[in-house]
Amino acid sequence: MIPDRYEPSAVEARWYPEWEQRGYFRAEAESRAPAYCIVIPPPNITGSLHMGHAFTFTLQDVLTRMKRMDGFNTLWLPGTDHAGIATQYVVERQLAAEGKTKEDLGREEFVRRVWRWKEESGGTIIRQLRRLGASCDWSRLRFTMDPGLSRAVREVFVTLWEEGLIYRDDYIVNWCPRCQTVLADLEVEREERDGEFVYIKYGPLSLGTVRPETKLGDTGVAVHPDDPRYRQYVGRDIDIESVDGPVRIRVVADEAVDPEFGTGVIKVTPGHDPVDFEIGRRHNLPIRSVIGFDGKMTALAGRYAGLDRFEARRRIVEDMQRLGLVERIEPYRHAVGLCYRCKTVVEPLVSKQWFVNVKPLAEAADAAVREGRITIIPTGWAKTYHQWMENIRPWTISRQLWWGHRIPAWYCDTDGSVHVSRTDLTECPKCGGPLRPEHDVLDTWFSSALWPFSTLGWPDDTADLRTFYPTSVLVTGFDILFFWVARMAMMGLHFMKEVPFRDVYIHALVRDAEGQKMSKSKGNVVDPLSVMERFGTDAFRFTLAALAAQGRDIRLSEQRIEGFRNFANKLWNAARLVLTNLEGYDAARAPAATPALADRWIEGRLAETIGVVREALDAYRFNDAASAIYQFLWNDYCDWYLEIAKRSLYGDDTAARARTQHTLVTVLEPTLRLLHPFMPFITEEIWQRLPHVGDSIMVAPYPRGGDARTDAGADAAMAAVMGVVTAIRNIRGEMRVPPGVKLTVTIRPPATDGVLFSEQRPLVEALARAAVTVDANATRPRQSALAVVGVAEVYVDLAGVVDVGAERQRLEKEIRRIDETIAFTRAKLARPDFVERAPAEIVEKEREKLGEQEGVRAKLVASLGWIDDGGR
RNA sequence: GGACGAUUAGCUCAGUUGGCAGAGCACUGGCCUCACAUGCCAGGGGUCACUGGUUCAAGUCCAGUAUCGUCCACCA
């Protein structure tokens, strides 16, 4: 009836809609239960699910499902980000395919078009999240440009303006000539490039530069104030011969100059270099912009006007060489700034932009982590966070794009005033004149920074906000620690007067099997959807969780996923065995029967596993949690308990059978609950077929340690039994005894443990395929192999099958092994420092161990002697 | 230039407070044993990068070295 292979697709397709329809994903705005909330790091609406998403969302779903089962009023709040540049790009490309530009459409029409695109194609990733099993509360789905969130953005902007923290400034900014917008410092990537370091004559001085083309914008020359070589020039104007004739230039002294580097002289181009801009400000040097927003030389560049900046560089060097102004050219490798989106070389230039003075906000956010109100996990990231916060610079928030939150500012050209307002303005509040609205939009990260409270209804005082803010944990990758996490901390503290999240769990990156970053250009992208298709969502999720060790990037290999697919199949078949043997099972009467050793043992092991899993999940050690369940289910439950259970299931002792059925069910059922956050689908499917309480495993309680207790006695007794069984199997293997042959075995237990082995004799017989005799006074039979298990001796009769030579080799090997161990222990105990200074119980334990080891050795040696005598 | 991380079995990686090294895969041998060959049983395999130090005891703590990697950064 039940197939012997687990087929995920049908199961997955069935349960997700069922859960959703029953409303299990929905959180309560008001509830007596404690709240647990995670806000999703909103993926770009342009995106489709990649491995990084799958990873982070799996971890979030594991936490969400676990907490939901644990009785929390749990909200995992989903949403998407409007992703300014990225989205604008997509639609611009579409237009290009139609032979149009956004200018052809005009701003309003273009923005309408983007919205239309969003409605049609922006939901891809949301659909894919469902495929992953994500238990988000879809009734609270948000988008960064929703009316509510837009209102929050506006409220924040205006407030910061009123507080003087937002301002406009003519400042040197990072300009992308390709994207035609300003970029924040964080959006500029550094890349080492080979270039030329050109030493040029500068009147009486000489200096080196990598950007000769900006020479035309020089308005000064700077040296270090303490540099004796150039002291005579400081404050003077010098006449220099340039490519476009003689120029008079001021020499200033500034600390920013490194006298050790180059000639110790720099040209100052305040219009095209951030350092020079600062020097220029300090010394009142004029700004001369020779490169325009299009990346081409401006009219101020004279005969170079209109040339591309790189072409101009080449031409100017050539011209200077002709004029004898170049002393020498050295190859030079240095970092250039690139646009994070299009990798175009960023041009520093001066322009009027909007900024946030984040310094005061950063101080509060920094303190929140330092004082433990926010915990960053793993803790190592806290240092990175602090360093960034301490060195923070103003945040450039305006963008020259069309898609995004428009900056709520208006200009009056009549009286030159600027107005920032919560409501749209039509006439100048000062002079009543006409107003011109600001065209720039805000950096996408501005709205993301408000995400934890804007999504909950702020600026209104909503029930959601009261219930779920501060959120419990933020799960994200380190790549957006500064872009997003830091800024949420700043904004949350400033506007809510409370941290936005208690914990920040920073996870690593997903790489391919070779450790390469997955990227389209490398062609090594593995599509999560195809993985789920081939191996099942549960196996995929479990793989991600099992690899999520803290602090290290994870390499995703197909083999690994396949291994966990096998695990799902193993679980399926274990359940199949249980389900097909429940005939006559009476949940009410079964517990009355006395549990056998194996029952007590597996129940104890379950309790222990529950403890380990809970502890691991509390500490965000997903891999430890996953691994504990894996080991328990496969090694303990399947490999040992199920094999043991078969005896009574297939036997005729009805009481034993009932008791076994009971254990099978009462161990498997909580194990499924324990596993559910990782493997939601298969666990639900099996759980529904097992005797259970409740409508769905999704809303069943997460197992607690108190549900069952560990059983040290049963653990030790089972260890002895398992040791004997393994020893017998070992001998069978080493001696090449065919599996079909039933061995004859004598166990000689120590006097104290005699009862255990007598009681468990049938168990050993079944598991080891042997006829077992337990006799505390037994002597070693002729032609038998010896194994020493703890304090018991096991004789395996090999008459007829024994190979004496092989047995001798085996014994010799064991003796060598134990000799090493004994030598180690002896050496340890021989040292007076150890004996005197280590805790008494540790020394005592060592002594006991040595005694045991020597006993084992004596037996082995005796055995070897017996063989050398040719057997008795 | 600064900061951080990594280095453990053939491969990919665990190893939380110091107490004789673990998993998965791969490998070897034997098994289609009535849940599962996507499986079962057994086995081999490690100077925990290197050098010193602290300690009775170091993969674990400290210092340094080497190699790899990541992030940050206004030496033109």
Side-chain angles (χ1 to χ4, degrees), chain A residues 2 4-6 172 185-186 190 197 207-211 214 222 256-263 265-269 273-279 332 334-335 337 348 378 380-381 383-384 387-388 391 393 478-479 481-482 508-509 513 515 535 539 546-547 549-557 559-560 562-581 615-616 619 621 623-624 627 630-631 638-639 642-643 646 650 726 729-734 736-740 769 820-821 824-825 828 831-839 842-843 845-846 849:
Chain A
I2 311 172
D4 67 355
R5 290 213 175 171
Y6 174 57
I172 187 132
D185 294 338
L186 268 180
R190 302 280 159 181
F197 201 56
L207 55 80
T209 179
V210 291
R211 300 205 59 195
T214 61
V257 182
D258 178 359
E260 306 290 316
F261 190 83
T263 61
V265 181
I266 63 167
K267 62 196 212 50
V268 183
T269 321
D273 185 280
V275 177
D276 294 8
F277 181 83
E278 295 295 340
I279 295 176
Y332 188 62
H334 67 129
W381 289 107
K383 190 166 181 183
T384 311
Q387 277 172 355
W388 192 72
N391 299 308
R393 303 200 314 176
F478 58 82
D479 48 330
L481 181 62
F482 305 141
L509 238 55
F535 299 105
L547 293 178
Q550 285 179 12
R552 204 200 288 228
D553 286 351
I554 65 175
R555 298 190 185 195
L556 193 66
S557 75
Q559 271 188 338
R560 202 79 180 207
E562 198 180 315
F564 290 117
R565 187 269 319 263
N566 295 351
F567 174 59
N569 195 58
K570 186 76 179 174
L571 169 60
W572 181 254
N573 276 290
R576 213 153 66 89
L577 174 68
V578 173
L579 288 167
T580 50
N581 284 289
E615 205 178 311
R621 294 197 319 262
N623 57 325
D624 286 347
S627 149
Y630 182 97
Q631 303 291 345
C638 291
D639 287 349
L642 290 186
E643 292 307 316
K646 284 175 184 173
Y650 303 151
T726 302
R729 286 170 175 171
N730 186 354
I731 287 168
R732 186 192 287 274
E734 300 269 319
R736 308 279 161 109
V737 180
R769 292 200 173 200
E820 281 174 31
T821 313
F824 184 90
T825 314
K828 201 166 180 178
R831 286 202 308 272
D833 50 1
F834 172 71
V835 178
E836 283 158 25
R837 308 189 50 176
I842 286 182
V843 176
K845 219 154 72 184
E846 289 294 318
K849 263 197 276 184

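In what follows, chains are A, B, ... by sequence order, proteins preceding strands, each numbered from 1.
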May I ask you to say what [X] touches in the nucleic acid, namely base, sugar-phosphate or nothing, with a heavy-atom cut-off under 4.0 Å?
X       : answer
F535(A) : nothing
Y650(A) : sugar-phosphate
R565(A) : base
K845(A) : nothing

So, R576(A) side chain and L571(A) main chain: donor-acceptor pair closer than 3.5 Å or not? no

Y630(A) and F564(A): aromatic ring centres closer than 6.0 Å? yes

Could you tell me how far rG24(B) sits from rA9(B) if I compare only their C1' atoms? Round to whole Å. 12 Å

Most 5' of D273(A) and R621(A) on RNA chain B, judged by nearest nucleotide: R621(A)

Please figure out whether E643(A) or K849(A) has its closest RNA chain B nucleotide nearer the 5' end. K849(A)

Which heavy atom of V210(A) sits nearest a heavy atom of F197(A), and at what distance? CG1-CD1, 3.6 Å

Reading RNA chain B from 5' to 3', where do the contacts with chain A start and stop? Cut-off is 4.0 Å to heavy atoms. rA3(B) to rA76(B)

Of L207(A), D273(A), D276(A), D258(A), the residue whose pairing with I266(A) passes side-chain contact (heavy atoms from CB on, under 4.5 Å): D276(A)

Verify the distance criterion only: is there a donor paired with an acceptor across the side chains of T821(A) and K849(A) at less than 3.5 Å? no

